[in-house]
Amino acid sequence: MPETETQYGKVVDRNLALELVRVTEAAAIAASRWIGRGDKNAADGAAVDAMRKAFDTVAITGTVVIGEGEMDEAPMLYIGEKIGLGGPLVDIAVDPLEGTSVTAKGGPNAIATLALAEHGGFLHAPDIYMDKIAIGPGLPEGVVSLDAPVETNLRELARAKKCEINDLMICILDRDRHKAIIKACRAAGARIMLIGDGDVAGVIAVSEPETGVDMYLGSGGAPEGVLAAAALRCIGGQLQGRLLFENDEQVTRARDMGVTDPNRIYTTADMAQGDVMFAATGVTGGPMLRGIRRTATGAITHSIVMRSKSGTVRYVEGHHNFARKPASFVG
Ligand code: VTB
Ligand code: MG
Ligand code: MG
């Protein structure tokens with residue numbers, strides 16, 4: 001992880017993790033102006049703009065590897081863009097507004113999120129779907145598998161957790177393509193938390209006991225898979241992901257990004273290697289993070305920030321006074 005040269009030699013720059021929270025806070029506050037206003041692109045644009053500006057004040061030499069798309073389709077935070085004030089060489093994964101549609105509807109679970117790794121630490125995932133399965137910490141490696149039927153995974157997870165299948169809560173994105181796994185979970189007696197958007201938060205939920213989620217199942221964005229992997233590297237838990245290709249063009253694009261085996265199942269550590277930091281701020285409320293709350297003088301943010309090296313997970317409540325913040329931060 002980023003190291004700074006001091007009179008005592010090189011020291012790990014722990015403070016960087018807290019700097020990252022400032023960046024997700026800025027994105028979340030900007031996006032929150034668009035909650036429920038029916039314009040998901042405006043909400044996303046506001047978050048991207050604010051996140052990009054906030055990065056200008058962070059002492060890193062960063063390269064965006066998971067971002068808003070290719071340079072010709074994204075004006076900011078595009079893949080390959082250099083960001084930061086200058087400092088240690090790091091790679092950055094961002095989703096300035098994870099949950100654009102739910103934000104536009106005022107629904108739950110939208111977050112502003114990013115992760116940071118040593119240069120070369122993240123899987124360069126193309127913006128296609130990824131099949132995902134995730135469980136929390138403290139369970140044997142491989143107790144569930146992306147290759148196993150839903151029923152088997154439920155049975156094995158219940159056995160490992162010393163509970164019944166009907167004690168389990170499974171988080172799944174509410175999509176037609178998930179009809180079969182939803183049916184299989186219900187037939188086996190498991191309970192389901194269907195989410196409208198936001199599978200980064202959905203995957204992290206397996207590692208946060210307060211959420212009550214035992215397993216995450218289903219397909220979502222591959223970039224979101226890498227962000228979730230970064231979080232689980234810090235907080236613990238297992239995530240497996242496999243890229244889902246819909247055509248040859250996607251296979252070629254993935255190969256160009258360095259994917260050699262299109263059928264590979266990636267583990268948490270395959271997607272986010274080495275020393276990793278993760279930060280997220282709630283935009284709309286969810287089981288893990290509260291959404292932005294406006295006050296007479298500004299806003300209150302609720303964020304999570306963590307580092308894989310120490311395993312420390314911090315929840316940060318920020319009380320922002322808009323009268324004393326630059327307009328660009330307020331969004
Ligand atoms: C998921 C969800 C995201 O994209 O990754 C999803 O978690 C996958 O795409 O919040 P579909 O919407 O096509 O299912 C998001 O909804 C948006 O990034
Ligand atoms: Mg996005
Ligand atoms: Mg997203």
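We count ligands from 1, going down the list as the structure has it; atoms in each ligand are counted the same way. Note that the structure is a prediction, hence the values are computed from the model and not measured.
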Any heavy atom of L173 under 4.0 Å from ligand 1? The part involved is side chain

of all protein heavy atoms, closest to atom 9 (O) of ligand 1 is Y129 CE2, 3.3 Å

Check your understanding: Heavy atoms, side chains only, cut-off 4.5 Å: are S145 and E156 in contact?
Key -> no

Per-atom filter on ligand 1: closer than 4.0 angstrom to a heavy atom of G221 are 1 (C), 5 (O), 8 (C)

closest protein heavy atom to atom 15 (C) of ligand 1 is D197 OD1, 3.5 Å

The protein heavy atom nearest to atom 4 (O) of ligand 1 is E224 OE2, 4.3 Å

So the atoms of ligand 1 within less than 4.0 Å of a heavy atom of D199 turn out to be 1 (C), 2 (C), 5 (O), 7 (O)

Exercise. Output yes when R233 and D275 qualify as a salt bridge under the 4.0 Å nitrogen-oxygen rule, no when they do not.
Key: no

Worksheet entry | Salt-bridge contact D127-R253 (side-chain N to carboxylate O under 4.0 Å) | no

query: Would you say the side chain of P137 lies within less than 4.5 Å of the side chain of I235, judging by non-hydrogen atoms?
result: no

The closest protein heavy-atom partner of atom 3 (C) of ligand 1 is E98 OE1, 3.4 Å

Closer than 2.8 Å to the Mg ion (ligand 3), do we get an N, O or S atom from D95, backbone or side chain? yes

Of all the N, O or S atoms in E98, the one nearest to the Mg ion (ligand 3) is OE1

Under 4.0 Å from one or more heavy atoms of R175, ligand 1 contributes atoms 11 (P), 12 (O), 14 (O), 16 (O)

The atom name of the N, O or S atom in E224 nearest to the Mg ion (ligand 3) is OE2

Should R22 and E25 count as an ion pair when the cut-off is N to O under 4.0 Å? no

The atoms of ligand 1 lying under 4.0 Å from a heavy atom of G198, numbered in the order shown, are 2 (C), 3 (C), 7 (O), 10 (O)

Pair R264 + D270: basic N to acidic O under 4.0 Å:
yes

Using 4.0 Å as the upper bound for N to carboxylate O, is an ion pair formed by K132 and E224?
no

